[in-house]
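What follows is one structure encoded as structure tokens, with my remarks underneath.
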Amino acid sequence: MVTYGPICKGEITSLLGQRGSQSAWPHLIPTLLDSSGMSLPARKPGHPPSLPQGTQAAQALVAVVLRLRQHFPQRMPQALELAEGSWAWVVLLASVVTEALTLGFPTCLGIFFTELQHEFQASNSETSWFPSIMIAMLHAGGPLCSILVGRFGCRVTAMAGGVLACLGMVASSFSYTLSQLYVSAGFFTGLGLCFSFQSTITVLGFYFTHRRVLANALASVGVSLGITLWPLLARYLLEELGWRGTFLIFSGVFLHCCVCGAILRPVATSTAPEARKGPSPTTKRPAPGCPAACVRRTLRYLAFDILWHNAGYRVFTLGVTWMILGFSLPHVFLVPYAMQHGVDEHKAALLISIIGFSNIFLRPMAGLVAGRQGFTGYRKYLFSLSILLNGLTNLVCIASSDFRVLVGYCLAYSVSMSVIGALFFQVLMDIVPMDQFSRALGLCTILESISILVSPPMAGFLLDSTDNNFSYVFYMSSFFLISAALFMCGSFCALRKKEKQASQARGEAALEPALPGEGTDSSEKRLWTETMYVTSV
């Protein structure tokens with residue numbers, strides 16, 4: 001039985017277009033049929049050939065289609081890409097570029113801080129809302145990105161994010177109030193960057209299974225490249241074109257996210273939801289139009305079920321949310337702090353580039369070390385330790401504002417930042433199953449966005465209240481980072497101890513029925529219980 005799909009129809013149409021017009025179609029049929037071993041009924045001289053009727057017409061059409069398939073093969077492959085295949089490295093390269101464009105961009109916003117403050121005659125707290133809204137939307141769009149990925153796929157979502165980010169920057173170049181800048185560059189550009197970034201990270205987790213730690217570390221190198229290049233480019237364009245012309249140039253740069261998104265071909269995966277322990281509770285399913293069904297579906301997309309049942313994910317999410325309150329402050333206020341203490345504008349912008357350039361080499365090294373077999377169960381503690389080190393290094397800025405001291409601070413800061421960036425997604429993948437990663441990342445990022453939205457304006461209010469004393473900003477950053485590190489490390493240790501006790505209790509309960517019995521039946525029971533014990537461990 002032969003089916004006629006859209007591929008055959010497209011091939012016939014393209015062939016007609018190459019032959020000139022549809023009037024040439026009757027003269028083309030005899031040639032194709034003769035080559036396939038069929039013939040047409042006799043025709044009168046000077047008249048075009050007539051198609052056979054009934055069964056012969058269907059056979060003639062089948063013969064034409066078969067010949068067209070031989071001469072005009074399909075242009076695009078229909079098979080899905082394989083995980084760990086050759087195309088996975090192309091996707092990894094696209095991930096590097098996407099992270100450089102999306103996550104690296106907010107680090108250069110501090111360069112525009114003083115310029116925007118003078119342009120709109122605004123205070124520190126009012127100007128701080130611009131970078132905070134953009135970074136918040138970069139994280140808050142996670143649940144919406146998860147819905148779009150499930151509906152349209154990672155490729156379409158990433159390309160749509162590039163278009164949205166471009167349009168947001170075009171609109172921001174024509175803004176004449178800070179509120180317009182909040183909506184255009186803050187909301188729309190941040191949301192577009194979120195779509196491109198999270199789609200790329202999600203599909204990267206499916207392309208790499210055995211080398212996932214190394215892939216995440218190499219992909220995070222893109223953030224380092226962005227942190228290195230964005231401040232230098234922003235400083236140069238700001239002097240040549242002003243902030244409006246610079247934002248217009250940035251809109252064209254963000255269109256490269258569409259190119260990277262087009263590379264994200266669908267991947268053939270065998271991942272399935274893991275089996276739950278014990279029978280699932282039976283609940284009455286509400287009607288599709290019931291408000292309870294809408295609430296349940298919304299909570300499912302927001303991954304509150306994972307937050308409720310997975311204690312490790314709960315600790316990770318709360319700790320990271322608290323950490324972000326202090327983690328983003330140096331990126332926003334380091335350049336104004338250096339300029340206030342007499343550092344040249346170019347040298348102040350170079351400080352952010354030093355952090356990014358160091359991360360280019362440190363992030364792959366951190367990924368290689370964390371990817372070793374011996375670190376499999378200790379990545380969570382290494383992640384917490386790096387957060388603690390990051391908080392302690394911020395105290396260096398309080399001690400001195402000399403440029404050489406600030407360079408040393410940037411180098412020490414980049415060490416801890418590289419470990420955080422290389423392990424963030426991998427620790428989350430270790431805590432939750434891969435089929436739940438997109439939803440878990442969405443909830444984690446939307447909680448982070450609340451911290452990001454509040455943190456810079458809170459620091460700006462602190463500056464306005466203390467007559468621009470930046471020492472309090474770095475004190476605030478260190479407090480949140482150090483407390484978050486201690487909370488996460490202590491909670492992970494408590495959960496690990498609890499899991500060991502539960503495992504020992506299950507092992508003793510499994511071995512106890514097999515001890516008193518003897519004979520064939522008892523030996524079979526002993527073998528069965530021992531096998532179950534090893535599997536559970």
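- Side-chain atoms of Pro106 and Leu138, non-hydrogen and from C-beta on, do get closer than 4.5 Å to each other.
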* Let me see the working for Asn394 and Tyr409 under side-chain hydrogen bond (donor to acceptor under 3.5 Å, both in side chains), right down to the final yes or no. => CA-CA 8 Å; Asn394 287 332; Tyr409 158 76; 2.8 Å; yes
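- Between Ile227 and Ile352, the closest heavy-atom pair is CG2-O, 3.2 Å.
- Two residues are said to be in side-chain contact when any heavy atoms from C-beta on lie closer than 4.5 Å; Thr127 and Phe120 fail this criterion.
- Nearest heavy-atom pair, Ser401 versus His341, reported as atom, atom and distance to 0.1 Å: OG-CD2, 3.2 Å.
- Ring geometry, Phe327 versus Tyr413: the interplanar angle falls under 30°, so the pair is classed parallel (tilted spans 30 to 60°).
- Between Phe208 and Trp89, the ring planes are perpendicular. Angles over 60° get that label, and only those under 30° would be called parallel.
- The aromatic rings of Phe357 and Phe361 lie perpendicular to each other, with more than 60° between the two planes, well past the 30° mark.
- Phe247 pairs by the ring pair (Phe, Tyr, Trp, His ring centres under 6.0 Å) definition with Phe112, Trp243, not counting sequence neighbours.
- Ser132 contributes a side-chain N or O that, together with a main-chain N or O of Trp129, makes up a donor-acceptor pair within less than 3.5 Å.
- Heavy-atom minimum distance, Leu181 versus Ser172: CD1-CB, 3.8 Å.
- Of all heavy-atom pairs spanning Gly356 and Thr228, the tightest one is C-OG1, 2.7 Å.
- Annotation: cation-pi geometry not satisfied between Arg265 and Phe206 (NZ/CZ under 6.0 angstrom from ring centroid, within 45° of ring axis).
- Distance alone, capped at 3.5 Å, places no donor-acceptor pair between the Ser451 side chain and the Leu325 backbone.
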